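What follows is a set of notes on a single structure, which appears directly below.
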Amino acid sequence: MKAQTISLSGRRKKKLEKQVEKYLDALQQNSDDHKLRTNLGDTYALLEDVKKSVKSYYSAVDLLRKAPNIGKVRSHIIELYEKIINVAPDDPR
C-alpha cells in the first residue's frame, strides 16, 4: 500500500476513522489479537498514517512471535514485514 496518489474523500476518510475506533475498542477487549492489529495497521495505511500503521504491524509481529513456531505463523510474520516495507520502505527496523 504505497502512498496513494489520490487523496481520500471526506466520506471515505470518516469511514476509515470510524473503523479505526472500532478496532481500538475491540483491542481493549482482546489485546492479544494479531488480526485486529493487522487490520488496524491496514486502515492506518489507507489513512496514510505511516507511523501508526507500522506500529500496529510491529505489535502484530510481536504477538505472533510468542505463538508456537509453525509454518502458518511464519507466513503471517512474513506478510506483515512485506506490509511494513510497502508502507515504510525506509523504516530502520
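Computed from a predicted structure; not experimentally measured.
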Checklist entry - Minimum heavy-atom separation for S56 to S59, with atom names? => result O-OG, 2.8 Å
Item to check | Where G41 and S53 come nearest, the two heavy atoms and their spacing | outcome: O-OG, 2.9 Å
Checklist entry - Hey, are the side chains of L16 and V20 touching, using non-hydrogen atoms and a 4.5 Å cut-off? => result no
Item to check | Test item: R65 and D62 side chains (from C-beta on) under 4.5 Å apart, heavy atoms | outcome: yes
[X] [atom1] to [Y] [atom2] distance, which is reported to the nearest 0.5 Å:
{"X": "R12", "Y": "L47", "atom1": "CZ", "atom2": "CG", "result": "8.5 Å"}
{"X": "I85", "Y": "D90", "atom1": "CD1", "atom2": "CG", "result": "11.0 Å"}
{"X": "R93", "Y": "Y57", "atom1": "CZ", "atom2": "OH", "result": "13.5 Å"}
{"X": "I77", "Y": "K72", "atom1": "CD1", "atom2": "NZ", "result": "13.5 Å"}
{"X": "L64", "Y": "E79", "atom1": "CG", "atom2": "CD", "result": "10.0 Å"}

Please report, to 0.1 Å, the donor-acceptor pairs under 3.5 Å made by any side chain of residues 27-40, with sequence neighbours excluded.
{"residue": "D33", "atom": "OD1", "partner": "K35", "partner atom": "N", "Å": "2.9"}
{"residue": "D33", "atom": "OD1", "partner": "L36", "partner atom": "N", "Å": "3.2"}
{"residue": "R37", "atom": "NE", "partner": "S31", "partner atom": "O", "Å": "3.2"}
{"residue": "R37", "atom": "NH2", "partner": "S31", "partner atom": "O", "Å": "2.8"}
{"residue": "T38", "atom": "OG1", "partner": "H34", "partner atom": "O", "Å": "2.9"}
{"residue": "N39", "atom": "ND2", "partner": "K35", "partner atom": "O", "Å": "3.3"}

Item to check | Candidate pair N86 and K83, rule side chain to side chain contact (heavy atoms under 4.5 Å, CB included), full reasoning | outcome: CA-CA 5 Å; N86 284 331; K83 288 177 184 247; 5.6 Å; no
Checklist entry - Considering residues at least two apart in sequence or located in another chain, which fulfil the side-chain contact (heavy atoms from CB on, under 4.5 Å) criterion with K52? => result Y44, D49
Checklist entry - Taking only residues two or more places apart in sequence or in another chain, which ones pass salt bridge (Lys or Arg N to Asp or Glu O under 4.0 Å) with R11? => result none
Item to check | Y23 reachable from L63 in the ILVMFWY side-chain graph, under 4.5 Å edges | outcome: no
Next on the checklist: Checking D91 against Y58: is there a side-chain donor and acceptor pair closer than 3.5 Å?
Outcome noted: yes
